Amino acid sequence: MMMMIHKVSLLLLLIIATAAMASGQNCTRKCGSIDVPYPFGIEPGCHLDGLGLFCNVTESKLYIGNIQVIDLDVLNGQATVYKLISWDCNESYVDPKVSIPMDLTGSPYTFSGSRNKFTAIGCNTIALFVGATDQSYSTGCVSICNNKTIFANGSCSGAGCCQTSVLPGLQFFNLTFPAITGHKDNSWDNPCSFAFLVDSSWYSFRTTDLNETDFYYRNDGQVPMVLDWSIGDVGCEKATKYSTSYACRSNNSSCLNATNGIGYLCNCSGGYHGNPYVEGGCEDINECDYPEKYPCHGLCANLPGNYSCTCPKDTSGDPFLSACQSYSSSSSSSSSEHSSFTFLHDSSPF
Ligand SMILES: *[C@@H]1O[C@H](CO)[C@@H](O)[C@H](O)[C@H]1NC(C)=O
Ligand SMILES: *[C@@H]1O[C@H](CO)[C@@H](O)[C@H](O)[C@H]1NC(C)=O
Ligand SMILES: *[C@@H]1O[C@H](CO)[C@@H](O)[C@H](O)[C@H]1NC(C)=O
Ligand SMILES: *[C@@H]1O[C@H](CO)[C@@H](O)[C@H](O)[C@H]1NC(C)=O
Ligand SMILES: *[C@@H]1O[C@H](CO)[C@@H](O)[C@H](O)[C@H]1NC(C)=O
Ligand SMILES: *[C@@H]1O[C@H](CO)[C@@H](O)[C@H](O)[C@H]1NC(C)=O
Ligand SMILES: *[C@@H]1O[C@H](CO)[C@@H](O)[C@H](O)[C@H]1NC(C)=O
Ligand SMILES: *[C@@H]1O[C@H](CO)[C@@H](O)[C@H](O)[C@H]1NC(C)=O
Ligand SMILES: *[C@@H]1O[C@H](CO)[C@@H](O)[C@H](O)[C@H]1NC(C)=O
Ligand SMILES: *[C@@H]1O[C@H](CO)[C@@H](O)[C@H](O)[C@H]1NC(C)=O
Ligand SMILES: *[C@@H]1O[C@H](CO)[C@@H](O)[C@H](O)[C@H]1NC(C)=O
Ligand SMILES: *[C@@H]1O[C@H](CO)[C@@H](O)[C@H](O)[C@H]1NC(C)=O
(Lines give C-alpha, C1' and ligand atoms only; values in the text may rest on other atoms or scores of the structure.)
(Ligands and ions follow the chains in the order given, each with its own letter.)
Protein backbone atom coordinates (compact mmCIF):
# COMPACT_ATOMS: atom_id res chain seq x y z
CA MET A 1 0.00 0.00 0.00
CA MET A 2 2.77 2.45 0.93
CA MET A 3 4.56 1.50 -2.28
CA MET A 4 1.45 2.33 -4.27
CA ILE A 5 1.08 5.77 -2.72
CA HIS A 6 4.75 6.45 -3.27
CA LYS A 7 4.45 5.54 -6.95
CA VAL A 8 1.36 7.67 -7.42
CA SER A 9 2.94 10.72 -5.82
CA LEU A 10 6.08 10.27 -7.91
CA LEU A 11 3.97 10.17 -11.04
CA LEU A 12 2.14 13.29 -9.87
CA LEU A 13 5.44 15.05 -9.25
CA LEU A 14 6.59 14.08 -12.73
CA ILE A 15 3.40 15.44 -14.29
CA ILE A 16 3.69 18.70 -12.34
CA ALA A 17 7.38 19.06 -13.30
CA THR A 18 6.58 18.45 -17.00
CA ALA A 19 3.73 20.95 -16.90
CA ALA A 20 5.92 23.58 -15.22
CA MET A 21 8.66 23.14 -17.82
CA ALA A 22 6.22 23.12 -20.72
CA SER A 23 4.75 26.40 -19.53
CA GLY A 24 8.11 28.07 -19.87
CA GLN A 25 10.09 27.81 -16.63
CA ASN A 26 13.68 26.80 -17.34
CA CYS A 27 12.95 26.27 -21.02
CA THR A 28 15.12 28.12 -23.52
CA ARG A 29 12.76 30.21 -25.65
CA LYS A 30 15.27 31.88 -27.95
CA CYS A 31 18.12 30.59 -30.14
CA GLY A 32 20.21 33.38 -31.61
CA SER A 33 17.61 35.84 -32.89
CA ILE A 34 14.88 33.20 -33.39
CA ASP A 35 11.99 32.82 -30.94
CA VAL A 36 11.23 29.23 -29.93
CA PRO A 37 7.62 29.30 -28.64
CA TYR A 38 5.84 26.26 -27.22
CA PRO A 39 4.81 23.70 -28.68
CA PHE A 40 8.42 23.92 -29.96
CA GLY A 41 11.23 23.58 -27.48
CA ILE A 42 14.89 22.73 -27.10
CA GLU A 43 15.18 20.83 -23.80
CA PRO A 44 13.32 17.56 -23.08
CA GLY A 45 9.93 18.29 -21.50
CA CYS A 46 9.84 21.74 -23.12
CA HIS A 47 8.05 20.75 -26.34
CA LEU A 48 5.31 18.53 -27.73
CA ASP A 49 6.18 15.18 -29.32
CA GLY A 50 8.22 15.56 -32.49
CA LEU A 51 8.67 19.34 -32.13
CA GLY A 52 12.01 19.26 -30.30
CA LEU A 53 14.72 21.42 -31.87
CA PHE A 54 18.48 21.74 -31.49
CA CYS A 55 20.18 25.06 -30.80
CA ASN A 56 23.86 25.28 -31.63
CA VAL A 57 24.84 28.00 -29.19
CA THR A 58 28.25 28.53 -30.83
CA GLU A 59 26.66 29.34 -34.18
CA SER A 60 23.40 30.78 -32.73
CA LYS A 61 21.56 28.59 -35.22
CA LEU A 62 18.45 26.49 -34.73
CA TYR A 63 17.93 23.04 -36.28
CA ILE A 64 15.31 20.35 -36.91
CA GLY A 65 17.73 17.43 -37.02
CA ASN A 66 20.35 18.82 -39.40
CA ILE A 67 17.98 21.22 -41.19
CA GLN A 68 18.48 24.87 -40.26
CA VAL A 69 15.33 26.70 -39.12
CA ILE A 70 14.94 30.42 -39.83
CA ASP A 71 11.34 31.04 -38.71
CA LEU A 72 8.65 29.33 -36.62
CA ASP A 73 5.00 30.32 -37.13
CA VAL A 74 2.85 28.90 -34.34
CA LEU A 75 -0.54 30.23 -35.46
CA ASN A 76 -0.28 29.08 -39.09
CA GLY A 77 1.47 25.76 -38.35
CA GLN A 78 4.50 26.56 -40.49
CA ALA A 79 8.28 26.64 -40.19
CA THR A 80 10.74 28.15 -42.66
CA VAL A 81 14.00 26.25 -43.14
CA TYR A 82 17.00 26.34 -45.47
CA LYS A 83 17.16 23.81 -48.30
CA LEU A 84 20.46 23.11 -50.03
CA ILE A 85 20.39 23.69 -53.79
CA SER A 86 20.91 20.73 -56.17
CA TRP A 87 22.91 21.32 -59.34
CA ASP A 88 24.04 19.89 -62.65
CA CYS A 89 27.13 21.52 -64.14
CA ASN A 90 29.50 21.21 -67.07
CA GLU A 91 31.46 17.96 -66.73
CA SER A 92 34.67 19.93 -66.23
CA TYR A 93 33.47 20.77 -62.67
CA VAL A 94 34.78 18.73 -59.73
CA ASP A 95 31.24 17.76 -58.60
CA PRO A 96 29.30 18.10 -61.83
CA LYS A 97 26.00 16.62 -60.56
CA VAL A 98 24.73 16.88 -56.98
CA SER A 99 21.22 15.84 -55.86
CA ILE A 100 20.45 16.62 -52.25
CA PRO A 101 17.34 14.69 -51.15
CA MET A 102 15.33 15.56 -48.04
CA ASP A 103 13.48 13.01 -45.93
CA LEU A 104 11.06 14.01 -43.15
CA THR A 105 9.35 10.62 -42.85
CA GLY A 106 8.18 9.93 -39.30
CA SER A 107 8.23 13.63 -38.29
CA PRO A 108 5.23 15.99 -37.96
CA TYR A 109 6.58 18.08 -40.86
CA THR A 110 5.58 18.06 -44.53
CA PHE A 111 6.70 20.30 -47.43
CA SER A 112 4.14 23.06 -47.85
CA GLY A 113 2.26 22.66 -51.12
CA SER A 114 0.75 26.14 -50.95
CA ARG A 115 3.85 28.14 -50.03
CA ASN A 116 6.57 26.43 -52.10
CA LYS A 117 7.27 26.03 -55.81
CA PHE A 118 9.66 23.56 -57.41
CA THR A 119 12.03 25.83 -59.33
CA ALA A 120 14.88 25.27 -61.78
CA ILE A 121 17.28 27.79 -63.27
CA GLY A 122 19.35 27.19 -66.38
CA CYS A 123 19.31 27.00 -70.14
CA ASN A 124 18.03 23.89 -71.90
CA THR A 125 17.43 22.39 -68.50
CA ILE A 126 15.10 19.57 -67.57
CA ALA A 127 14.69 19.18 -63.81
CA LEU A 128 12.66 16.50 -62.06
CA PHE A 129 11.06 16.54 -58.62
CA VAL A 130 10.75 12.97 -57.35
CA GLY A 131 8.24 13.33 -54.52
CA ALA A 132 8.19 9.87 -52.95
CA THR A 133 10.70 7.09 -52.27
CA ASP A 134 8.56 4.63 -54.26
CA GLN A 135 8.34 7.19 -57.10
CA SER A 136 4.54 7.24 -56.88
CA TYR A 137 4.66 11.00 -57.44
CA SER A 138 7.01 12.95 -59.69
CA THR A 139 6.81 16.19 -61.57
CA GLY A 140 9.25 18.52 -63.28
CA CYS A 141 9.82 21.55 -65.46
CA VAL A 142 11.74 22.65 -68.55
CA SER A 143 13.64 25.82 -69.34
CA ILE A 144 14.65 26.51 -72.94
CA CYS A 145 16.98 29.19 -74.23
CA ASN A 146 18.46 29.86 -77.65
CA ASN A 147 20.34 32.83 -78.97
CA LYS A 148 17.03 34.64 -79.67
CA THR A 149 15.47 34.13 -76.25
CA ILE A 150 14.20 37.26 -74.54
CA PHE A 151 14.54 36.94 -70.77
CA ALA A 152 12.37 38.84 -68.34
CA ASN A 153 13.25 39.65 -64.76
CA GLY A 154 10.57 38.58 -62.32
CA SER A 155 9.06 35.97 -64.66
CA CYS A 156 9.95 32.31 -64.05
CA SER A 157 8.09 30.99 -67.07
CA GLY A 158 10.36 28.68 -69.01
CA ALA A 159 12.98 31.07 -70.40
CA GLY A 160 16.01 30.65 -68.15
CA CYS A 161 13.77 29.64 -65.24
CA CYS A 162 10.86 27.25 -64.76
CA GLN A 163 8.49 26.54 -61.87
CA THR A 164 5.74 24.13 -60.92
CA SER A 165 3.49 23.43 -57.94
CA VAL A 166 3.92 20.24 -55.93
CA LEU A 167 1.39 18.10 -54.06
CA PRO A 168 0.84 19.02 -50.40
CA GLY A 169 1.58 16.52 -47.63
CA LEU A 170 4.88 15.14 -49.01
CA GLN A 171 7.69 14.10 -46.64
CA PHE A 172 10.37 13.11 -49.13
CA PHE A 173 11.82 14.54 -52.31
CA ASN A 174 14.87 14.18 -54.49
CA LEU A 175 15.76 16.55 -57.33
CA THR A 176 17.38 15.08 -60.39
CA PHE A 177 18.44 16.10 -63.88
CA PRO A 178 17.93 13.54 -66.65
CA ALA A 179 21.03 12.83 -68.75
CA ILE A 180 19.67 14.85 -71.69
CA THR A 181 20.00 18.12 -69.78
CA GLY A 182 22.44 20.19 -71.79
CA HIS A 183 24.91 22.95 -71.36
CA LYS A 184 25.61 22.30 -74.99
CA ASP A 185 24.59 24.01 -78.18
CA ASN A 186 23.85 27.35 -76.65
CA SER A 187 25.82 30.48 -76.66
CA TRP A 188 24.99 31.30 -73.06
CA ASP A 189 27.66 31.30 -70.47
CA ASN A 190 25.62 29.13 -68.08
CA PRO A 191 27.66 26.08 -67.25
CA CYS A 192 25.26 25.07 -64.44
CA SER A 193 21.57 24.29 -63.88
CA PHE A 194 20.08 24.56 -60.39
CA ALA A 195 16.97 23.04 -58.81
CA PHE A 196 15.30 23.61 -55.44
CA LEU A 197 11.95 23.73 -53.66
CA VAL A 198 11.57 27.33 -52.51
CA ASP A 199 9.24 29.69 -50.64
CA SER A 200 7.59 31.18 -53.73
CA SER A 201 7.19 34.60 -52.12
CA TRP A 202 10.97 34.76 -51.62
CA TYR A 203 12.22 33.77 -55.08
CA SER A 204 12.00 36.06 -58.08
CA PHE A 205 14.00 35.27 -61.25
CA ARG A 206 16.75 37.67 -62.30
CA THR A 207 18.62 37.18 -65.57
CA THR A 208 21.81 37.43 -63.52
CA ASP A 209 20.78 34.14 -61.80
CA LEU A 210 21.95 32.37 -64.97
CA ASN A 211 25.48 33.23 -63.82
CA GLU A 212 26.30 30.45 -61.35
CA THR A 213 28.83 32.35 -59.30
CA ASP A 214 26.22 35.04 -58.81
CA PHE A 215 23.22 32.92 -57.77
CA TYR A 216 24.78 30.01 -55.93
CA TYR A 217 27.32 31.91 -53.88
CA ARG A 218 25.10 34.91 -53.21
CA ASN A 219 22.68 32.51 -51.46
CA ASP A 220 25.32 30.42 -49.73
CA GLY A 221 24.10 27.38 -51.71
CA GLN A 222 20.72 27.33 -49.98
CA VAL A 223 17.21 28.80 -50.28
CA PRO A 224 14.30 29.24 -47.81
CA MET A 225 11.58 26.59 -47.97
CA VAL A 226 8.35 26.33 -45.93
CA LEU A 227 7.30 23.28 -43.91
CA ASP A 228 3.79 22.63 -42.58
CA TRP A 229 3.53 20.90 -39.23
CA SER A 230 0.67 19.59 -37.14
CA ILE A 231 -0.10 17.95 -33.82
CA GLY A 232 -0.86 14.23 -33.52
CA ASP A 233 -2.18 11.94 -36.22
CA VAL A 234 -5.93 12.50 -35.96
CA GLY A 235 -8.12 15.48 -36.90
CA CYS A 236 -10.17 17.68 -34.58
CA GLU A 237 -13.12 15.27 -34.48
CA LYS A 238 -11.04 12.58 -32.77
CA ALA A 239 -8.66 14.75 -30.74
CA THR A 240 -10.84 15.08 -27.69
CA LYS A 241 -10.78 18.16 -25.55
CA TYR A 242 -10.86 16.01 -22.43
CA SER A 243 -7.74 13.99 -23.24
CA THR A 244 -4.55 14.94 -21.36
CA SER A 245 -2.74 14.98 -24.71
CA TYR A 246 -5.10 17.55 -26.27
CA ALA A 247 -2.73 20.33 -27.33
CA CYS A 248 -5.11 23.31 -27.33
CA ARG A 249 -4.49 24.03 -23.64
CA SER A 250 -5.69 27.61 -23.42
CA ASN A 251 -9.21 28.66 -22.55
CA ASN A 252 -10.74 30.52 -25.51
CA SER A 253 -8.81 28.43 -28.03
CA SER A 254 -10.14 26.23 -30.81
CA CYS A 255 -9.04 23.30 -32.96
CA LEU A 256 -8.30 23.47 -36.70
CA ASN A 257 -7.84 20.47 -38.97
CA ALA A 258 -4.30 20.62 -40.35
CA THR A 259 -4.15 21.53 -44.05
CA ASN A 260 -1.41 18.97 -44.77
CA GLY A 261 -3.59 15.92 -44.20
CA ILE A 262 -3.31 14.39 -40.76
CA GLY A 263 -3.31 16.00 -37.35
CA TYR A 264 -4.61 19.31 -36.08
CA LEU A 265 -3.56 22.81 -35.08
CA CYS A 266 -4.79 25.19 -32.40
CA ASN A 267 -5.90 28.80 -32.72
CA CYS A 268 -7.17 31.44 -30.34
CA SER A 269 -10.91 32.10 -30.55
CA GLY A 270 -12.13 35.33 -32.15
CA GLY A 271 -11.34 38.33 -29.97
CA TYR A 272 -8.37 36.59 -28.28
CA HIS A 273 -4.69 36.47 -29.24
CA GLY A 274 -1.56 34.75 -28.00
CA ASN A 275 -0.40 31.15 -27.84
CA PRO A 276 -3.26 28.60 -27.81
CA TYR A 277 -0.86 25.75 -26.88
CA VAL A 278 -0.12 27.30 -23.47
CA GLU A 279 -2.53 27.36 -20.52
CA GLY A 280 -3.90 30.90 -20.31
CA GLY A 281 -2.06 31.68 -23.58
CA CYS A 282 -5.03 33.18 -25.42
CA GLU A 283 -5.57 36.63 -23.93
CA ASP A 284 -8.39 39.03 -24.56
CA ILE A 285 -7.60 41.57 -27.27
CA ASN A 286 -8.15 45.14 -26.08
CA GLU A 287 -9.71 46.21 -29.37
CA CYS A 288 -9.78 49.87 -28.29
CA ASP A 289 -5.95 49.90 -28.52
CA TYR A 290 -6.08 49.03 -32.25
CA PRO A 291 -8.43 51.57 -33.85
CA GLU A 292 -7.09 50.83 -37.38
CA LYS A 293 -8.22 47.22 -37.05
CA TYR A 294 -11.27 47.70 -34.83
CA PRO A 295 -12.73 51.08 -35.81
CA CYS A 296 -14.66 53.10 -33.27
CA HIS A 297 -15.51 56.78 -33.73
CA GLY A 298 -17.36 57.03 -30.41
CA LEU A 299 -16.82 55.65 -26.91
CA CYS A 300 -14.86 52.40 -27.10
CA ALA A 301 -15.09 49.78 -24.34
CA ASN A 302 -13.30 46.45 -24.22
CA LEU A 303 -15.38 43.32 -23.51
CA PRO A 304 -14.23 39.69 -23.05
CA GLY A 305 -13.63 38.51 -26.64
CA ASN A 306 -15.20 41.62 -28.14
CA TYR A 307 -15.70 45.37 -27.76
CA SER A 308 -18.48 47.89 -27.78
CA CYS A 309 -18.57 51.27 -29.46
CA THR A 310 -21.31 53.73 -28.58
CA CYS A 311 -22.13 57.36 -29.20
CA PRO A 312 -21.62 59.76 -26.30
CA LYS A 313 -24.70 61.19 -24.55
CA ASP A 314 -26.78 63.51 -26.76
CA THR A 315 -25.24 62.28 -30.01
CA SER A 316 -26.27 59.62 -32.49
CA GLY A 317 -25.09 57.73 -35.54
CA ASP A 318 -23.17 54.56 -36.29
CA PRO A 319 -19.92 55.05 -34.35
CA PHE A 320 -18.38 51.94 -36.00
CA LEU A 321 -18.54 53.84 -39.33
CA SER A 322 -18.24 57.56 -38.64
CA ALA A 323 -18.25 60.23 -35.95
CA CYS A 324 -21.46 60.67 -33.97
CA GLN A 325 -23.62 63.74 -34.76
CA SER A 326 -24.88 66.03 -32.07
CA TYR A 327 -28.73 66.14 -31.77
CA SER A 328 -28.61 69.96 -31.47
CA SER A 329 -26.54 70.67 -34.61
CA SER A 330 -28.52 73.08 -36.79
CA SER A 331 -28.43 73.43 -40.56
CA SER A 332 -27.75 77.23 -40.49
CA SER A 333 -24.28 78.15 -41.68
CA SER A 334 -23.16 81.32 -39.93
CA SER A 335 -19.45 82.00 -40.22
CA SER A 336 -18.78 81.29 -36.51
CA GLU A 337 -20.48 77.88 -36.73
CA HIS A 338 -18.59 77.12 -39.88
CA SER A 339 -15.23 77.85 -38.30
CA SER A 340 -16.05 75.84 -35.16
CA PHE A 341 -17.03 72.89 -37.37
CA THR A 342 -13.72 73.21 -39.21
CA PHE A 343 -11.88 73.27 -35.91
CA LEU A 344 -13.62 70.07 -34.75
CA HIS A 345 -12.91 68.42 -38.06
CA ASP A 346 -9.21 69.32 -37.93
CA SER A 347 -8.75 68.01 -34.42
CA SER A 348 -10.35 64.68 -35.25
CA PRO A 349 -7.81 61.90 -35.78
CA PHE A 350 -9.96 60.37 -38.55
C1 LIG B 1 14.94 26.09 -12.70
O2 LIG B 1 16.35 26.10 -12.57
C3 LIG B 1 16.80 26.56 -11.31
C4 LIG B 1 18.32 26.65 -11.32
O5 LIG B 1 18.86 25.73 -12.23
C6 LIG B 1 16.30 25.59 -10.21
O7 LIG B 1 16.70 26.07 -8.94
C8 LIG B 1 14.77 25.55 -10.26
O9 LIG B 1 14.28 24.61 -9.34
C10 LIG B 1 14.30 25.16 -11.66
N11 LIG B 1 12.84 25.26 -11.71
C12 LIG B 1 12.07 24.32 -12.25
C13 LIG B 1 10.63 24.59 -12.26
O14 LIG B 1 12.53 23.30 -12.74
C1 LIG C 1 28.03 23.92 -33.49
O2 LIG C 1 28.56 24.63 -34.58
C3 LIG C 1 29.98 24.64 -34.60
C4 LIG C 1 30.40 25.58 -35.72
O5 LIG C 1 29.79 25.23 -36.94
C6 LIG C 1 30.49 23.22 -34.77
O7 LIG C 1 31.89 23.21 -34.80
C8 LIG C 1 29.99 22.36 -33.62
O9 LIG C 1 30.33 21.02 -33.80
C10 LIG C 1 28.46 22.47 -33.49
N11 LIG C 1 28.06 21.83 -32.25
C12 LIG C 1 27.28 20.77 -32.22
C13 LIG C 1 26.97 20.23 -30.88
O14 LIG C 1 26.82 20.26 -33.23
C1 LIG D 1 22.03 31.64 -83.43
O2 LIG D 1 21.99 30.23 -83.60
C3 LIG D 1 21.83 29.83 -84.96
C4 LIG D 1 21.63 28.31 -84.99
O5 LIG D 1 22.40 27.69 -84.00
C6 LIG D 1 23.08 30.27 -85.74
O7 LIG D 1 22.93 29.91 -87.08
C8 LIG D 1 23.22 31.79 -85.62
O9 LIG D 1 24.43 32.21 -86.22
C10 LIG D 1 23.23 32.20 -84.16
N11 LIG D 1 23.22 33.64 -84.10
C12 LIG D 1 24.01 34.31 -83.29
C13 LIG D 1 23.87 35.82 -83.31
O14 LIG D 1 24.84 33.80 -82.57
C1 LIG E 1 17.53 42.07 -64.49
O2 LIG E 1 18.00 42.71 -63.32
C3 LIG E 1 19.42 42.73 -63.19
C4 LIG E 1 19.77 43.39 -61.88
O5 LIG E 1 19.02 42.87 -60.85
C6 LIG E 1 20.03 43.48 -64.35
O7 LIG E 1 21.44 43.43 -64.25
C8 LIG E 1 19.60 42.83 -65.66
O9 LIG E 1 20.07 43.56 -66.75
C10 LIG E 1 18.07 42.77 -65.74
N11 LIG E 1 17.70 42.03 -66.93
C12 LIG E 1 16.69 42.41 -67.74
C13 LIG E 1 16.40 41.51 -68.90
O14 LIG E 1 16.03 43.41 -67.51
C1 LIG F 1 18.57 11.14 -55.59
O2 LIG F 1 18.83 11.23 -56.97
C3 LIG F 1 20.17 10.92 -57.33
C4 LIG F 1 20.35 11.22 -58.81
O5 LIG F 1 19.40 10.52 -59.56
C6 LIG F 1 20.46 9.47 -56.98
O7 LIG F 1 21.81 9.17 -57.28
C8 LIG F 1 20.23 9.27 -55.49
O9 LIG F 1 20.40 7.92 -55.15
C10 LIG F 1 18.81 9.72 -55.11
N11 LIG F 1 18.67 9.67 -53.66
C12 LIG F 1 17.65 9.07 -53.06
C13 LIG F 1 17.66 9.06 -51.58
O14 LIG F 1 16.72 8.57 -53.69
C1 LIG G 1 32.44 22.40 -70.55
O2 LIG G 1 33.20 23.58 -70.48
C3 LIG G 1 34.39 23.53 -71.27
C4 LIG G 1 35.19 24.79 -70.96
O5 LIG G 1 34.37 25.91 -70.97
C6 LIG G 1 33.97 23.39 -72.74
O7 LIG G 1 35.13 23.30 -73.56
C8 LIG G 1 33.13 22.13 -72.91
O9 LIG G 1 32.66 22.03 -74.27
C10 LIG G 1 31.95 22.14 -71.98
N11 LIG G 1 31.28 20.85 -72.05
C12 LIG G 1 29.95 20.76 -72.30
C13 LIG G 1 29.39 19.38 -72.33
O14 LIG G 1 29.26 21.72 -72.51
C1 LIG H 1 29.22 36.25 -63.24
O2 LIG H 1 29.39 36.89 -61.98
C3 LIG H 1 30.75 37.17 -61.67
C4 LIG H 1 30.78 37.72 -60.26
O5 LIG H 1 29.71 38.62 -60.01
C6 LIG H 1 31.30 38.14 -62.71
O7 LIG H 1 32.67 38.39 -62.42
C8 LIG H 1 31.18 37.54 -64.09
O9 LIG H 1 31.58 38.45 -65.07
C10 LIG H 1 29.73 37.14 -64.36
N11 LIG H 1 29.65 36.43 -65.64
C12 LIG H 1 28.75 36.71 -66.56
C13 LIG H 1 28.79 35.89 -67.80
O14 LIG H 1 27.91 37.59 -66.41
C1 LIG I 1 -12.12 18.20 -39.49
O2 LIG I 1 -12.23 17.24 -40.52
C3 LIG I 1 -13.28 16.31 -40.31
C4 LIG I 1 -13.20 15.23 -41.35
O5 LIG I 1 -12.82 15.77 -42.60
C6 LIG I 1 -14.61 17.07 -40.36
O7 LIG I 1 -15.68 16.18 -40.16
C8 LIG I 1 -14.61 18.12 -39.25
O9 LIG I 1 -15.78 18.89 -39.30
C10 LIG I 1 -13.40 19.03 -39.35
N11 LIG I 1 -13.32 19.84 -38.15
C12 LIG I 1 -13.00 21.12 -38.14
C13 LIG I 1 -12.96 21.82 -36.83
O14 LIG I 1 -12.72 21.73 -39.18
C1 LIG J 1 -18.93 41.06 -31.13
O2 LIG J 1 -20.12 41.77 -30.95
C3 LIG J 1 -20.82 42.01 -32.16
C4 LIG J 1 -21.98 42.93 -31.85
O5 LIG J 1 -22.64 42.47 -30.71
C6 LIG J 1 -21.24 40.69 -32.76
O7 LIG J 1 -21.90 40.91 -33.98
C8 LIG J 1 -20.01 39.85 -33.01
O9 LIG J 1 -20.35 38.57 -33.51
C10 LIG J 1 -19.20 39.70 -31.74
N11 LIG J 1 -17.94 39.04 -32.06
C12 LIG J 1 -17.45 38.03 -31.33
C13 LIG J 1 -16.12 37.48 -31.77
O14 LIG J 1 -18.01 37.58 -30.35
C1 LIG K 1 -7.20 32.09 -36.09
O2 LIG K 1 -8.22 32.85 -35.51
C3 LIG K 1 -8.21 34.21 -35.91
C4 LIG K 1 -9.24 34.95 -35.06
O5 LIG K 1 -10.45 34.27 -35.02
C6 LIG K 1 -8.50 34.27 -37.39
O7 LIG K 1 -8.50 35.60 -37.83
C8 LIG K 1 -7.43 33.47 -38.13
O9 LIG K 1 -7.72 33.43 -39.51
C10 LIG K 1 -7.37 32.06 -37.60
N11 LIG K 1 -6.21 31.39 -38.20
C12 LIG K 1 -6.32 30.32 -38.99
C13 LIG K 1 -5.05 29.73 -39.49
O14 LIG K 1 -7.41 29.84 -39.26
C1 LIG L 1 -10.23 28.32 -17.80
O2 LIG L 1 -11.64 28.17 -17.65
C3 LIG L 1 -11.98 27.37 -16.54
C4 LIG L 1 -13.49 27.17 -16.59
O5 LIG L 1 -14.14 28.38 -16.84
C6 LIG L 1 -11.49 28.04 -15.27
O7 LIG L 1 -11.79 27.24 -14.15
C8 LIG L 1 -9.98 28.24 -15.33
O9 LIG L 1 -9.51 28.97 -14.22
C10 LIG L 1 -9.60 28.99 -16.61
N11 LIG L 1 -8.15 29.00 -16.73
C12 LIG L 1 -7.46 30.10 -17.01
C13 LIG L 1 -5.98 29.94 -17.11
O14 LIG L 1 -8.00 31.18 -17.19
C1 LIG M 1 -13.51 32.38 -22.73
O2 LIG M 1 -13.30 31.28 -21.87
C3 LIG M 1 -14.03 31.35 -20.63
C4 LIG M 1 -13.59 30.18 -19.78
O5 LIG M 1 -13.56 28.99 -20.53
C6 LIG M 1 -15.54 31.33 -20.94
O7 LIG M 1 -16.25 31.44 -19.73
C8 LIG M 1 -15.87 32.49 -21.86
O9 LIG M 1 -17.24 32.43 -22.24
C10 LIG M 1 -14.99 32.47 -23.11
N11 LIG M 1 -15.22 33.69 -23.84
C12 LIG M 1 -15.67 33.68 -25.10
C13 LIG M 1 -15.91 35.01 -25.70
O14 LIG M 1 -15.86 32.64 -25.72
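Throughout, residue positions are numbered sequentially from 1 according to the sequence presented. Start at 1 and go down the list; that is how both ligands and their atoms are numbered. Small disclaimer: the values here were computed from a predicted structure and weren't measured.
In this structure, C300 and C288 have their SG atoms less than 2.5 Å from one another. When the SG-SG distance for C236 and C255 is compared with the 2.5 Å cut-off, it comes out below that value. Between C162 and C156, the sulfur-to-sulfur (SG-SG) separation does not fall under 2.5 Å.
Set against the non-hydrogen atoms of N257, the atoms of ligand 8 under 4.0 Å away are 1 (C), 2 (O), 3 (C), 8 (C), 10 (C), 11 (N), 12 (C), 14 (O).
A distance of 6.0 Å or more separates the ring centres of W87 and F196. Taking the six-membered ring for Trp, F173 and F129 have ring centres closer than 6.0 Å.
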Write out each pair where an N or O from ligand 10 and one from the protein are under 3.5 Å apart, with the distance.
residue: ligand 10; atom: 2 (O); partner: N267; partner atom: OD1; Å: 3.3
residue: ligand 10; atom: 2 (O); partner: N267; partner atom: ND2; Å: 2.3
residue: ligand 10; atom: 11 (N); partner: N267; partner atom: ND2; Å: 2.8

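Judged by distance alone, with hydrogens and angles left aside, the side-chain atoms of T315 form no donor-acceptor pair with the main-chain N or O of S326 at under 3.5 Å.
Between E279 and ligand 11, a contact under 3.5 Å exists for no N or O pair.
Side-chain contact annotation: Q163 with T119, donor-acceptor N/O pair under 3.5 Å present.
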